Protein chains: 2
Amino acid sequence: MPVTIKNIAAELGLSVSTVSKALNDYPDIAPQTRQLVKETARRMGYRASAAARSLRTRRTNTIGLIFCIIDRHLTDPYYLDLLASIGEECSRQGFDLLLSVCPDRRLERSAYERMVDGKRVDGMILTGTRHGDGRIAYLVERGFPFVSLGRSERDGDFPYVDVDGAKGINDGVQHLIDQGYGRIGFVGLPPELVCAGHRFQGYQTTLEKGGLGLDPRLVTHCDCLTQEAGYQAMQGLLELDEPPDAACVCSDVMALGAMGAVQERGLAMGRDFGIVGFDDIPMAAQVQPPLTSIRQPIYEVGTRLCRMLIKVVEGEPLAESHVILGPTLVIRESSGPYQRGWAR
Amino acid sequence: MPVTIKNIAAELGLSVSTVSKALNDYPDIAPQTRQLVKETARRMGYRASAAARSLRTRRTNTIGLIFCIIDRHLTDPYYLDLLASIGEECSRQGFDLLLSVCPDRRLERSAYERMVDGKRVDGMILTGTRHGDGRIAYLVERGFPFVSLGRSERDGDFPYVDVDGAKGINDGVQHLIDQGYGRIGFVGLPPELVCAGHRFQGYQTTLEKGGLGLDPRLVTHCDCLTQEAGYQAMQGLLELDEPPDAACVCSDVMALGAMGAVQERGLAMGRDFGIVGFDDIPMAAQVQPPLTSIRQPIYEVGTRLCRMLIKVVEGEPLAESHVILGPTLVIRESSGPYQRGWAR
DNA sequence: CTTGACAACTAAAACGTTTTTGGGTATAAT
DNA sequence: ATTATACCCAAAAACGTTTTAGTTGTCAAG
């Protein structure tokens, strides 16, 4: 039923190999033949069978992406933008994107094996590198092409794109200091994430540079990137004997939850209490008050990841295999100048 | 390098066909042989080549999904949840999910052709049915298995899952009426979407039922589902000579933008002006004031779509091929009782 | 002793490509 | 007239499975 290369050959009285070569622009095919074949193929509505082609060429022209969803809620717009940028670049390059969503960390390994060992994809994009990342170990051991979003110091040398989290947090914390906040808390990412450490370092060094000591009680983190978790974390900080008057929250989604907790206490955001988020999701600009946030160039990250991986897959050399992109602080009202103390 | 069925056969001194049959539980294989083969396969780390298998069986065990992104921003959490639910169900059923993101409506057709004619997937999930939907025409013509999220009256008979938008809007508008709002606007979806019509009907009938006439000036719509568009639409309504005192906005993301426009005018949300959104994204509960919204059972929608499609692909009969799920109104503060008039 | 039935396995074709090798026919060079 | 050189095309193998159609061996029934 579907039209194959053989049908075209029969139609034209040519051999299969000639047709194949014509379609693939081999040099030893007469220009007119090539023309004729392509014309006929189009007329007959021919499309190469992906399976047959990849069986023969050992290439799938597909890249794999696995999202491991904890808690059944992956509603962070950040991921959707990442996905969109990767997907778009894939399309441009004629690649497909095979996506797997696994609801449980324990199923993650088998999801990778399915894609990699089942030869379903040519390469993988890995997001959110973790300490002692089993996925990296696996891919390195297999010698399978991959790039990652996020560094991983000790796990071997592989191409990655990362955002300079320390720099981002530095800008954010410094901004809070400049606005007059003196007791600045930190709501970090799940500690297993490599980038969580970088961001904390940014917090630490900027406090020191600003002459503010680090109070460990003001440092907390969320185990998942949800509003609820951000709300809880901020609750914890506000219940301290000496609560903070500002906080740097490592994800906007978490920051929105944190804002809720602050406002619930009757504190005026951007006056009594300052918050800086991370990611600069679209919602950040719309919420009341608008949320100051450290913008990640997420579209560029996704695009670069995709381009790098495709180069690796095709065996081309990478101009740079370790890319660190700079975030930019977007100042809005949630970090307005500090106006009064906690006790009022 | 990768271990194939032939390697296993050689290792055990069996034929390829025996190994294949053993792995696939054919009855004419001795139980002990089957056992031995499976054991050995596992030990050697065997994984069937997806390409070879699907070349032979004409099945890919993959379903396709194409997101057409307008405006480079697909940050609606709704889609991420939909994607997550579809992805999870795929995993459970041992299917892969091939995702294509096309930045331009003009590239949509070729994205479909790539998946369908290139035999990359066994079936497609189509989202957001449109009037005179070219995708449906194409798939029907090809006789290709698909299910859709959303009805389509005239385009032929195919399985779908839909949410009862008329019912949802009905509940929302009735709620606004009950809260004392008397001049209720409507911010609809892009009119090309089939569901846009259903929702508008819900608006219309509920107004009539409530004895409120329909003022066409209070009816507007957005061309894309962004906050910005919602903001603009609401601006338009508020600039009328006789502006509304409430509005039903057909997507939460748009509703958040609309809330911004309302608040910018100095109106108190949930007192001077009521808003009901649609989708009940997580953000709705967190924003200030929390947004009343019509919840779509999006996880169930995704799961059902996936299950139905897989049944169709496998040639099993569908218990019900036209599923309409009910939304539920989640009441929050953005639709608090009407307290004062526009002029103050 | 043949026949048939059954169980357990194998041979081989097929799926639709790509690619290597090689063959034939012009044209050009010796 | 012979040889070399392009040029164009065809044959065939290969990729790793699945599946149809046997083949072998054993055992029971006739």
Side-chain angles (χ1 to χ4, degrees), chain A residues 1-38 40-41 44-62 94 96 114 116-122 314, chain B residues 1-38 40-41 44-62 94 96 114 116-122 314:
Chain A
M1 190 60 191
V3 37
T4 81
I5 226 174
K6 194 187 286 183
N7 301 140
I8 303 178
E11 174 89 6
L12 293 175
L14 289 171
S15 76
V16 252
S17 43
T18 304
V19 174
S20 172
K21 286 181 167 184
L23 292 172
N24 292 346
D25 289 323
Y26 272 59
D28 63 341
I29 297 295
Q32 41 203 347
T33 310
R34 183 199 325 282
Q35 188 65 27
L36 180 64
V37 168
K38 286 189 174 180
T40 314
M44 298 176 71
Y46 169 77
R47 286 252 159 182
S49 149
R53 172 174 290 167
S54 73
L55 176 59
R56 172 65 225 222
T57 63
R58 331 180 76 72
R59 279 278 308 273
T60 62
N61 269 12
T62 304
D96 285 321
R114 182 178 167 81
V116 172
D117 296 335
K119 288 172 278 299
R120 260 164 258 261
V121 299
D122 294 333
E314 308 204 316
Chain B
M1 191 59 193
V3 36
T4 79
I5 228 174
K6 197 188 286 183
N7 301 140
I8 302 178
E11 174 89 5
L12 292 174
L14 288 171
S15 75
V16 236
S17 38
T18 304
V19 173
S20 172
K21 286 182 167 184
L23 292 172
N24 292 342
D25 289 325
Y26 271 59
D28 62 343
I29 298 293
Q32 40 201 350
T33 310
R34 183 201 323 283
Q35 188 65 27
L36 180 65
V37 168
K38 286 188 174 177
T40 314
M44 299 177 70
Y46 168 78
R47 285 250 160 186
S49 149
R53 172 174 290 170
S54 75
L55 175 59
R56 173 66 226 220
T57 63
R58 331 178 79 73
R59 279 279 306 273
T60 61
N61 268 30
T62 303
D96 286 321
R114 181 178 168 80
V116 172
D117 297 336
K119 287 172 280 298
R120 259 164 260 260
V121 298
D122 294 332
E314 308 204 316

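Keep in mind that this is a model prediction, so the values were computed, not measured. In what follows, chains carry the letters A, B, and so on, assigned in the order in which the sequence lines appear, proteins first and then strands, with residues in each chain numbered from 1.
- One atom, NZ of B:K21, and another, P of D:dG16, lie 21 Å apart when rounded to the nearest Å.
- Taking 4.0 angstrom as the limit, B:Y46 places a side-chain polar atom (N or O) nearer than this to OP1 or OP2 of D:dT17.
- In this structure, B:S49 reaches the sugar-phosphate backbone alone: every heavy-atom distance under 4.0 Å involves primed, P, OP1 or OP2 atoms, never a base.
- Not one side-chain nitrogen or oxygen of A:R56 sits closer than 4.0 Å to the OP1 or OP2 atom of D:dG16.
- The side chain of B:T33 contributes an N or O atom lying less than 4.0 Å from OP1 or OP2 of C:dC9.
- Of the residues near DNA chain D, A:V16 and A:P27, the one whose nearest nucleotide (by heavy atom distance) lies more toward the 5' end is A:P27.
- With contacts defined as side-chain heavy-atom distances shorter than 4.5 Å, the pair A:D96/B:R114 qualifies.
- When distances are taken from the side chain of A:S17 to each of C:dC15, D:dA12, C:dA8, the shortest belongs to D:dA12.
- Nucleic acid contact class of A:R47 (heavy atoms, under 4.0 Å, all strands): sugar-phosphate only.
- Counting to the nearest Å, the P atom of C:dG16 and the NZ atom of B:K119 are 8 Å from each other.
- A:I29 has its CD1 atom 13 Å from the P atom of D:dC7, to the nearest Å.
- Distances shorter than 4.0 Å separate some side-chain N or O of A:R58 from OP1 or OP2 on D:dG16.
- Proximity note for B:D28 (side chain, C-beta onward) versus C:dT19, C:dG16, C:dA8: the nearest is C:dA8.
- Counting any heavy atom pair closer than 4.0 Å across all strands shown, B:T4 reaches sugar-phosphate atoms only and no base atom.
- Ranking D:dT17, C:dT18, D:dA10 by closeness to the A:S15 side chain, first place goes to D:dA10.
- At whole-Å resolution of the value, CG in A:L12 and P in D:dA10 are 10 Å apart.
- Protein atom CD of A:Q35 is 18 Å distant from nucleotide atom C1' of D:dC9, rounded to whole Å.
- Atom pair B:L55:CG and D:dT19:P shows a separation of 12 Å (rounding to whole Å applied).
- B:R53 places its CZ atom 17 Å from the C1' atom of C:dA14, with the value rounded to the nearest Å.
- To the nearest 0.5 Å, the span separating OG on A:S49 from CZ on A:R56 amounts to 14.0 Å.
- Of the charged side-chain nitrogens involved, at least one lies within less than 4.0 Å of a carboxylate oxygen, so that B:K38 and B:D25 count as a salt-bridged pair.
- Here the CD1 atom belonging to A:I29 is positioned 7.5 Å from the OG atom belonging to A:S17, to the nearest 0.5 angstrom.
- A:I8 pairs in a side chain to side chain contact (heavy atoms under 4.5 Å, CB included) with only one of the listed residues (A:V19, A:L14, A:L36), which is A:V19.
- For the pair B:Q32 CD and C:dA7 P, the computed distance is 14 Å after rounding to whole Å.
- Side-chain N/O atoms of B:T57 include none lying less than 4.0 angstrom from OP1 or OP2 on D:dT18.
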